[in-house]
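As structure tokens, the structure follows; a few thoughts come after it.
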There are 2 protein chains.
Amino acid sequence: MPRASTTSDVFNAIAEPRRRQIIELLSQHRNLAVGAIVLSLGLPQPAVSKHLGVLREVGLVSVNKQGQSRVYELNHEQLRPVYDWVKTFERHWDRQLDRIRERAEKRALANTTQPDQSTDKTDQKEQS
Amino acid sequence: MPRASTTSDVFNAIAEPRRRQIIELLSQHRNLAVGAIVLSLGLPQPAVSKHLGVLREVGLVSVNKQGQSRVYELNHEQLRPVYDWVKTFERHWDRQLDRIRERAEKRALANTTQPDQSTDKTDQKEQS
DNA sequence: TTGACATATTCCCATATGGGAATATAATTG
DNA sequence: CAATTATATTCCCATATGGGAATATGTCAA
């Protein structure tokens, strides 16, 4: 099975850095024609139009015809699923002290079985 | 240019629904061996190991060797970039009243130059 | 009408994918 | 040692990708 389509959901749509840039732009300036986005991103126009097409398909933006230009607008509320999902982890970095203490405890427990001291293949992952 | 690697950043890593499920699991149960994740997701073990590899590479999870099993742990703080990014749009749906008030203010400002949709569509500068 | 401008669409391709299948590696037990 | 268990890795492939290039579509102006 290949990777899911970029238009399969908002999570896939915003995985593209350029599309996030477009979203940021549209959040600052309420309405933007494609040309303005092209200038701001420095991407070729077809590339921008394709990104906008993806954002359109997942409902993250809407278009309004205005003369010969298409003015895009952000539908902020479509970002809510992402916000709601990631918000559930908020508490874990909000109470860092608690977390660090917990980790220390766990480490002490896990240390009952002590790995290491061989030819060493892969070290365990490290994080902050 | 093809799509960016799933390991290029957290946004790409969490685009995969199964990886989000793994993250949720690891958030509920602090530590989980691969086998437990396999059971819970109902995915073949190699698939799970590959997803864990992606999450490992972007730093979203850490491993601890414990006997012959690998116990995974979520590094919540790595989700912060996503949270911070999407949080900037919070006001647009969370504080509707504020938002409406803001719009009114902006409108008052923008009213110095009055755009219209009939004859004039040349310079439609949008304020920041 | 023709021409200029703004945007979208199509075709192309190198690349990464997620899962299937098989295998490799590692640790425990007898 | 061999066998078992737990996990990771490799090879395979159909599929979607993002941008380049070219073109199509749509809209205004003269």
Side-chain angles (χ1 to χ4, degrees), chain A residues 1-9 11-22 31-39 41-58 61 63-72 113-125, chain B residues 1-9 11-22 31-39 41-58 61-72 117-124:
Chain A
M1 202 179 268
R3 214 205 288 214
S5 161
T6 56
T7 59
S8 58
D9 62 26
F11 286 90
N12 277 281
I14 68 169
E16 238 297 317
R18 265 66 181 258
R19 285 197 285 269
R20 288 202 300 281
Q21 285 184 36
I22 293 179
N31 303 281
L32 282 181
V34 178
I37 301 175
V38 168
L39 284 184
L41 294 206
L43 273 185
Q45 173 265 315
V48 172
S49 277
K50 283 180 226 168
H51 282 310
L52 287 170
V54 172
L55 295 176
R56 240 187 296 126
E57 206 166 331
V58 297
V61 299
V63 215
N64 282 317
K65 309 183 182 177
Q66 195 160 316
Q68 46 186 332
S69 37
R70 308 289 160 92
V71 177
Y72 279 81
T113 48
Q114 189 142 348
D116 193 354
Q117 135 204 109
S118 53
T119 33
D120 153 72
K121 204 143 219 108
T122 349
D123 261 12
Q124 63 270 38
K125 196 76 176 218
Chain B
M1 203 180 264
R3 214 204 290 213
S5 160
T6 56
T7 60
S8 57
D9 62 25
F11 286 90
N12 277 280
I14 68 168
E16 239 298 320
R18 264 65 179 258
R19 285 195 286 267
R20 288 202 300 280
Q21 285 184 36
I22 293 178
N31 303 281
L32 282 181
V34 178
I37 301 175
V38 168
L39 283 184
L41 293 206
L43 273 186
Q45 173 265 316
V48 171
S49 279
K50 284 181 227 168
H51 283 310
L52 286 170
V54 172
L55 295 177
R56 242 187 295 126
E57 206 165 332
V58 298
V61 299
S62 316
V63 214
N64 283 315
K65 309 181 181 179
Q66 196 161 315
Q68 47 186 335
S69 37
R70 308 290 158 93
V71 177
Y72 279 81
Q117 87 275 44
S118 48
T119 38
D120 176 285
K121 57 214 34 169
T122 44
D123 181 322
Q124 185 86 307

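Lettering of chains follows the sequences in order, A, B, ..., and the numbering in each one begins at 1.
- Within 4.0 Å (heavy atoms only), A/A33 reaches sugar-phosphate atoms of the nucleic acid but no base atom.
- Taking atom CD of residue A/Q68 and atom C1' of nucleotide D/dA30, one finds them 14 Å apart after rounding to whole Å.
- Using modelled atom types, no side-chain atom of A/R70 and backbone atom of A/A33 make a donor-acceptor pair closer than 3.5 Å.
- Look at CD on A/Q66: it is 14 Å from C1' on C/dT7, rounded to the nearest Å.
- B/L39 has its CG atom 10 Å from the P atom of D/dA6, to the nearest Å.
- For the pair B/N31 CG and D/dT7 P, the computed distance is 13 Å after rounding to whole Å.
- Considering every non-hydrogen atom in both B/R19 and B/N12, the closest pair reads NH2-O, 3.8 Å.
- One interatomic measurement links the two molecules: CD1 of A/I14 to C1' of D/dG18, which rounds to 18 Å at whole-angstrom precision.
- Taking atom CG on A/N12 and atom C1' on D/dT15, their separation rounds to 14 Å, with Å as the unit.
- For D/dT17, one of the phosphate oxygens OP1 or OP2 lies less than 4.0 angstrom from a side-chain nitrogen or oxygen of A/S5.
- Residue A/V71 is the one, among A/V71 and A/P2, whose nearest nucleotide of DNA chain C lies closer to the 5' end (criterion: closest heavy atom).
- Side-chain atoms of A/Q45 come within donor-acceptor range of the base of C/dA8, with a qualifying N/O pair under 3.5 Å.
- OP1 and OP2 of C/dA27 both lie 4.0 Å or more from every side-chain N or O belonging to B/R70.
- Of the side-chain N and O atoms in B/S49, one or more sit less than 4.0 angstrom from OP1 or OP2 of D/dA8.
- Toward the 5′ end of DNA chain D lies the nearest nucleotide of A/R3, the other residue of the pair A/R3 and A/R18 mapping further downstream.
- One finds a side-chain N or O of A/T6 lying less than 4.0 angstrom from the OP1 or OP2 phosphate oxygen of D/dT17.
- For A/Y72, a side-chain nitrogen or oxygen approaches OP1 or OP2 of C/dA8 to under 4.0 Å.
- Looking at heavy atoms from C-beta onward, A/T6 lies out of side-chain contact with A/E16 at the 4.5 angstrom threshold.
- Atom CG of B/N64 and atom P of D/dA6 are 18 Å apart (whole Å).
- The only member of B/L41, B/I37, B/L43 that meets side-chain contact (heavy atoms from CB on, under 4.5 Å) when paired with B/Q21 is B/L41.
- Using a 4.0 Å heavy-atom criterion, one finds that A/P46 contacts the bases of the nucleic acid, with or without backbone contacts as well.
- When distances run from any side-chain atom of B/E16 to the nucleotides C/dA21, C/dA8, C/dG18, the shortest one goes to C/dG18.
- Side chain of A/R20 to main chain of A/I14: a donor-acceptor pair is present (N/O by atom type, distance under 3.5 Å, no hydrogens or angles).
- The side chain of A/L52 approaches C/dA8 more closely than any other nucleotide in the set D/dA6, D/dG19, C/dA8.
- Taking only side-chain nitrogens and oxygens, B/R19 comes nearer than 4.0 Å to OP1 or OP2 of C/dG18.
- Under 3.5 Å, the side chain of A/K65 and the base of D/dG26 form no donor-acceptor pair of N or O atoms.
- The distance from the CG atom of B/L52 to the CD atom of B/Q45 is 9.5 Å, given to the nearest 0.5 Å.
- Note: CE (B/M1) to C1' (C/dT17) measures 17 Å, nearest angstrom.
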